[in-house]
Every structure is written in C-alpha cells, then in structure tokens.
Q: 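The structure under discussion is supplied below as structure tokens; questions concerning it will follow.
Atoms within each ligand, like the ligands themselves, are counted from 1 in listed order.
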Amino acid sequence: MFKSKITGLGYYVPENVVTNDDLSKLMDTSDAWIQERTGVKERRHIKKGDGNSTCIMAVKAARIALERAELTPDDIDMIVFATLSPDMFFPGGGVEVQEIMGMRTIPALDVRNQCSGFVYAISVADQFIKTGMHKNILVIGSENHSGGLDFTSRGRGVSVIFGDGAGAAVLSRNETGKGGILSTHLHSEGKHKKKLSLLGPSTGYWVPQIIKENPQVDIPYYPYMDGQFVFKHAIVRFSEVIQEGLEANDLSVDDIDMLIPHQANLRISQFIQKKFNLPDEKIYNNIQKFGNTTAASIPIALTEAWESGKIKEGDLVVLAAFGSGFTWGSVIIRW
Ligand code: UT7
C-alpha cells in the first residue's frame, strides 16, 4: 500500500469584488446583517466578458498547483473535479480541464458532493494512489455560483453567502516516507436532501415543466436552503467527523496544528473553534473576503494558509466539510 501527499496547491478567484453594499442595491439586505449572520464582507463574482467559467477558473488554479508540484500536465494520471456548477449539464468539467490543459487521455472523474466535494475528491484520489494505480492526481474544486443565484430580495437568504472561485491540489505518491494523508472519512444522509438543494433544471424538473409552472411561486431553478436547519446539522456533523478522523489515528484535538473548515458561515467555524478550544492561529477562515465557494472553499483556504506560512512540515492539518446532501467528511494530513 502506498501513501499520498499534497505536493502542489493553487487557487484562483475572479478580480471582480462584490461588497455587501453592492448587494444591498439589488435586494433588501444590509452590510450589518450579512456580516453579523455570516461573517462575509465581500465575495468575488465572475463578470460578463472576463473570460471566466467554472472550468477556466479550475484550470487557472490547477496550473499554479502543477507548477508548485514541479510537474507538467503530462505527469498527471487522473483528474478528480468537484463542482455543483459545471459549465455544461453534461459532460462534467473534468473533461474540459483535460482538453484545455492538453493532457493525455487520462481518466477525468466528476464529483458531485457540493460543499463536501473537495473532501470527497481528495478521498477518491487518495484511494487511487494508495492502491498504486496512479502516481499524480489533480484534484480540483471550482464554482461559478453567481451565474445561478437569485439576486432579488426573494433569494437574499442564499445569494449573499456564496462566491465564485477555484482551488486545486496535486496529490502524489509519497516517495519521501514523511507525512502525507493519514485518513479520510466520508458520510451522507439523503433524507435531508431538499433542505439545501437546486431542483431544476433536471430530469425531475425539466424545462417545459418549469415554464408551465408559475415561476414566481415555484422556483425550483434557484438554490433553496433552510438555513437554520442546515446550520444546526452542520455544527454537529463538523464536530463528529473531526473527532472521528482524530480517533482513527490515535490523535486528539490538542494535536491539531491547523483546522481548515469548509467556509460555510463564520459562525459555524467559530462554534467549532470554541467547542474544540482552538486558539485563533490553529483555524483558518477566509469567508470574510471570498464568501462560501462550496467545493472550492477548502482548497482556496488551504492554499492561502500554506502560502502565508501558517502550515509547516510536520504539522497536523485537518480538513472538514459539511453541505448539501447532506454530506460531510474530514481529511487528516501530516504535512
Ligand atoms: O455551505 C453549505 C452549508 N451551508 C451552511 O452551513 C449555511 C447554514 N446556515 C446559515 O449560514 C444561516 O442560517 C444563514 C446565514 C443562511 C441565515 O442566517 P440565520 O441567522 O439563520 O437567519 P434566518 O434564516 O433565521 O433569518 C432571520 C431573518 C429572517 O427575517 P424574519 O423572518 O426574522 O423577519 C429572514 O427573512 O433574517 C431575514 N434574512 C435577511 N435579512 C437581511 C434572511 N436573509 C437576509 C438577508 N438580509 N440577506
């Protein structure tokens, strides 16, 4: 059995900064409400004509990760691409990345686990490396939320939270013997699937049906979230899956050097920090400037934390996520 290690990280966010005051001009909300309830001060949105899409942002993040791993696209054996906002209904974004980056005809796997997408994607890539099937896997989380949100007052409970961006990691066979991914832990509970969902367009809510139904009343083509319900489950599942990962490795909360939680809501991160009694320097948050970028949030935060020197060799790094599905998971890494 081999072990895997993160050998390169990169992220990309669009240049266009959208502040809470900008959103207040579009809907009945305020900077004070958004900051108090979510922690978000601003987020990035793709601007028409800036050339970005989910896959383009993914490629921009991936190129940085590859360069830092000192690899070329030819070295990559597989792509695992997590997104809930692909450029096309099908095929998924993985093949677009393969095409744009001029890669060999390697497998391109799309992961659809929303906010837990990156954790699921890392876990999948880790299994392929452990078995010896692949040596270098490109793992990406990328989202274009702004293209599909309701920016009227009707959608304010959802649309103020989310932002666009991409993050990428290269997972490689660990030849050094030092550090690497210790374990991954994944879960789901489909009975809550509609509590955070986008029903259509899909084969259940196909375009003619959406047109036939009154779109003002029934709006299955915008994301729906029962915020308080999701919040209550998130804080329980985040805590459980972090504990589960630590216990599987005979570690405790005191061993954590850096916790990178999915950036769902600053209040959720603060709840976990308090519960585990973590000092500020052992948890990384950037939702304040990027919002919740779903599958991209963990790789963006991980890259930033690493770039700023907050993660050092030998550190115990914990990634944890919770989101639509419900799905949740954790990754325990010795850096
Ligand atoms: O990333 C995947 C997982 N996602 C999450 O974990 C998100 C979890 N949930 C949340 O982050 C929070 O529940 C929200 C930020 C979505 C909402 O915060 P909340 O404190 O739970 O507010 P609420 O939904 O209970 O709404 C409180 C009030 C309501 O008004 P009334 O009924 O009390 O008159 C809402 O209509 O705030 C109102 N409201 C807003 N007001 C101003 C909802 N959205 C807004 C808004 N601006 N954008």
Q: Nearest to atom 7 (C) of ligand 1, what protein heavy atom do you find, and at what distance?
A: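 The closest one turns out to be Met225 SD, 3.8 Å.
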Q: Locate the shortest heavy-atom distance separating Phe290 from Thr293; write the atom from each residue and the value.
A: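 Nearest pair, atom of Phe290 first, then Thr293: O-CG2, 3.5 Å.
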Q: Could you check whether atom 32 (O) of ligand 1 has a protein contact, counting only heavy atoms that fall below 4.0 angstrom?
A: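 Within 4.0 Å of atom 32 (O) of ligand 1, no protein heavy atoms are found.
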Q: I'd like to know if His262 contacts ligand 1, where contact means a heavy-atom distance under 4.0 Å to any ligand atom.
A: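 Checking ligand 1 against His262, which is what was asked, there is a heavy-atom contact under 4.0 Å.
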Q: Less than 4.0 Å is my threshold; does some heavy atom of Val230 fall inside it relative to ligand 1?
A: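 Under 4.0 Å: yes for Val230.
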Q: Name the option, out of Ile268, Ile161, Asn265, that contains the heavy atom nearest to atom 6 (O) of ligand 1.
A: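 Nearest option to atom 6 (O) of ligand 1, by heavy atoms: Ile268.
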Q: With respect to Val317, which candidate in Ile181, Leu302, Ile256, Leu182 satisfies the side chain to side chain contact (heavy atoms under 4.5 Å, CB included) definition?
A: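 When side chain to side chain contact (heavy atoms under 4.5 Å, CB included) is applied between Val317 and each of Ile181, Leu302, Ile256, Leu182, only Leu302 qualifies.
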Q: Counting only heavy atoms closer than 4.0 Å, does ligand 1 sit against the backbone of Thr29, its side chain, both, or neither?
A: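 Both of them.
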Q: Checking a contact table here: which protein heavy atom is nearest atom 24 (O) of ligand 1, and how many Å away?
A: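 In this structure, atom 24 (O) of ligand 1 has Gln228 CG, 4.5 Å as its nearest protein heavy atom.
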Q: Can you confirm whether something in the protein, heavy atoms only, sits under 4.0 Å from atom 48 (N) of ligand 1?
A: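 Yes, at least one protein heavy atom sits under 4.0 Å from atom 48 (N) of ligand 1.
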Q: Distance below 4.0 Å between atom 29 (C) of ligand 1 and any protein heavy atom?
A: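 No, there is none.
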Q: Going by heavy-atom distance to atom 19 (P) of ligand 1, choose the closest among Arg37, His233, Met27.
A: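 Among Arg37, His233, Met27, the closest heavy atom to atom 19 (P) of ligand 1 comes from Arg37.
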